[in-house]
Amino acid sequence: MNYISTRDKSEKCSGAEAIVRGLAPDGGLYVPESLPRLSKEDFINLAKEDYPTRAARVLSLLLSDYSFDELLDYTNKAYSRFYGDDPCPLVNIDEGVYVLELWHGPTCAFKDMALTMLPHLLGAARKKVGEKDKTLIMVATSGDTGKAALEGFKDVDGTNIIVFYPSKGVSDMQKLQMKTQTGENVCVCAIEGNFDDTQNAVKNIFADKAINEEIRACGFKLSSANSINWGRLAPQIAYYISSYCDLIESGKIEYGDKVNFCVPSGNFGNILAAYYAMLMGVGVNRLICASNVNHVLTDFFKTGVYDINREFHKTISPSMDILISSNLERLLFEVSGRDDKLTAERMKALKTAGKYSVSEKELAALKALFSVGYADDEETKDTIAFAMEEYGYLMDTHTAVAYDVYCDYADETGDRTPTVVVSTANAYKFPADVYEAVSGTRIDDAFEATQKLNEETGEEIPEPLSGLKERPVRFEEVIDRSEIAKKVVDYCKQAANK
Ligand SMILES: *Cc1c(COP(=O)(O)O)cnc(C)c1O
């Protein structure tokens, strides 16, 4: 199967090439030329398999230049790094309400689902396309991607990784996870500013020919581990299909029944994977896109206008503090009837005016599938407290945003369709806010809050977080965003001489 760019459909390549490049040369995002569809029999058979096998089968449909056996080897390796016997358990918390826990991986956030796979997919892709240069993975992170990418790529042959995060835009726990990162091929650096500043600066480096040449001269080629890379999205589609299989297998639904997915969204990658899973055959009633007070997506789905000219807010769900949801470009491409010129124009308008709009017809199509809502920090905390009291279920701040939006949706619509609320992080990644929510007391120190939260709830602290305090800090640098390019080139020179 071939991949095409959202900004120029004539730009075609294989799955392996799409993964090696990350971004199409025209700046667009790669999407499959057509989406494969699973039959009823496929779903029934998949439902009997374990997660690595399900994921390998889904991926082999999407990446035809990889063999099933090869993919199964990767999924087995990736998901054996997860805790417990199911990498993504579906927990039934209330009648018809399920929480899909995507945070049992090495960094306790949903990014692990894809970022434990990407190094395998990318490593194989480099061989398939005959790549000789080493790969420099460059990541802008709002917190969770950076750490998950570092864990995924550390000490992987032929690859180095450099991660930039906004100095004031991530939680203490997230920061410490990155500053203490191990591995010989890793570099971590904080940027003055917020996530959008960081992401824009990194995007500009990808697009800058002169800097790319300097990097090439050191023997490296840039690639991305951000969720714009198809190698990130594809493994995410698998868990939506898998959760649908779990519901079939447990007799909660029959094949063909529709479910809702409610997803805490930022860059729009996670919920977009649900959309693709639907196109591949999962029965979907509504996709519910949940935001925090940076509700640019809520407004877009309500009005058809995407407008980033607004105040940026720091919230207790920092991984969703985003105004530019890069993956929305892929949905725009689909909803415009795969109009590449129009998509390119809109992305240009976003860059120059910070704004674009879709037609009435497109908006109606979006509204027919997507529901939206947002929660502020108070509502988020109230929801954490409510879920703990009512169901004895401890959720993190991002999951609570989604659950709050779902509760509002269910109240307003009366819709009782079985709903999967997607849980994107373990509560101990945000211990101060979660502890405050359940106890009413604020403790700023992350480790103390962790201890208290454990005493209060009895909920187990995952090992990757409990061991953090003892780990030495390796990366403390904070730079201005104007210095990112120099930092990248300097790092390449230094890495080339090793
Ligand atoms: C990245 C992240 C999100 C947002 O996911 P997108 O794919 O960017 O929409 C939500 N919650 C957590 C905990 C995350 O790490």
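All ligand and atom numbering here is 1-based and tracks the order in the structure. All values below come from the heavy atoms of this structure, side chains included, with hydrogens, waters and symmetry mates left out.
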Subject >> Identity and distance of the protein heavy atom lying nearest atom 12 (C) of ligand 1 >> reply: Thr424 OG1, 3.3 Å

**OP:** Enumerate the atoms of ligand 1 whose separation from the nearest heavy atom of Gly269 is less than 4.0 angstrom.
**Re:** 6 (P), 7 (O), 9 (O)

Subject >> CG (Asp85) with more than 12 external heavy atoms under 6.0 Å >> reply: no

Subject >> Closest protein heavy atom (residue, atom, distance) for atom 9 (O) of ligand 1 >> reply: Gly266 N, 2.7 Å

**OP:** Would you check whether Asp144 has a nitrogen or oxygen atom less than 3.5 angstrom from a nitrogen or oxygen atom of ligand 1?
**Re:** yes

Original post:
Within the structure, does Asn267 bring an N/O atom to less than 3.5 angstrom of an N/O atom in ligand 1?
Top reply: yes

**OP:** Would you mind listing which atoms of ligand 1 come within a distance below 4.0 Å of any non-hydrogen atom of Met320?
**Re:** 10 (C)

**OP:** Output yes when the distance from some N or O of ligand 1 to some N or O of Ala425 is under 3.5 Å, and no in every other case.
**Re:** no

Original post:
Which residue holds the protein heavy atom closest to atom 10 (C) of ligand 1, what is that atom called, and what is the gap in Å?
Top reply: Pro264 O, 3.5 Å

Subject >> Contact check: Phe430 vs ligand 1, nitrogen or oxygen atoms, below 3.5 angstrom >> reply: no

Original post:
Between Arg346 and Glu329, is the closest basic N to carboxylate O distance under 4.0 Å?
Top reply: no

**OP:** Please determine if Asp112 and Arg81 form a salt bridge, counting it only when a charged side-chain N lies under 4.0 Å from a carboxylate O.
**Re:** no

**OP:** Would you check, one step at a time, whether the test ring-ring contact (aromatic ring centres under 6.0 Å, His included) holds for His398 with Phe430?
**Re:** CA-CA 9 Å; His398 304 76; Phe430 307 94; 4.7 Å; yes

Original post:
Any Lys/Arg nitrogen of Lys147 or Glu151 sitting under 4.0 Å from an Asp/Glu carboxylate oxygen of the other?
Top reply: yes

Subject >> Test of proximity, Phe110 against ligand 1: N or O pairs below 3.5 Å >> reply: no

Original post:
How far apart are the closest heavy atoms of Tyr428 and Asn426, and which atoms are they?
Top reply: N-OD1, 2.8 Å

**OP:** Taking the side chain as every heavy atom from C-beta outward, state whether Glu33 and Tyr3 have any pair of such atoms under 4.5 Å apart.
**Re:** no

**OP:** Please confirm whether Lys111 comes within less than 3.5 Å of ligand 1 when only nitrogen or oxygen atoms on both sides are compared.
**Re:** yes

Original post:
Non-hydrogen atoms of Ser227 versus ligand 1: any pair closer than 4.0 Å?
Top reply: no

**OP:** Flag Asn270 as yes when one of its N or O atoms lies below 3.5 Å from any N or O atom of ligand 1, and as no otherwise.
**Re:** yes

Subject >> Close side-chain approach of Lys168 and Asn194, heavy atoms under 4.5 Å >> reply: no

**OP:** Examine distances only and state if a side-chain atom of Thr419 and a backbone atom of Thr417 form a donor-acceptor pair shorter than 3.5 Å.
**Re:** yes

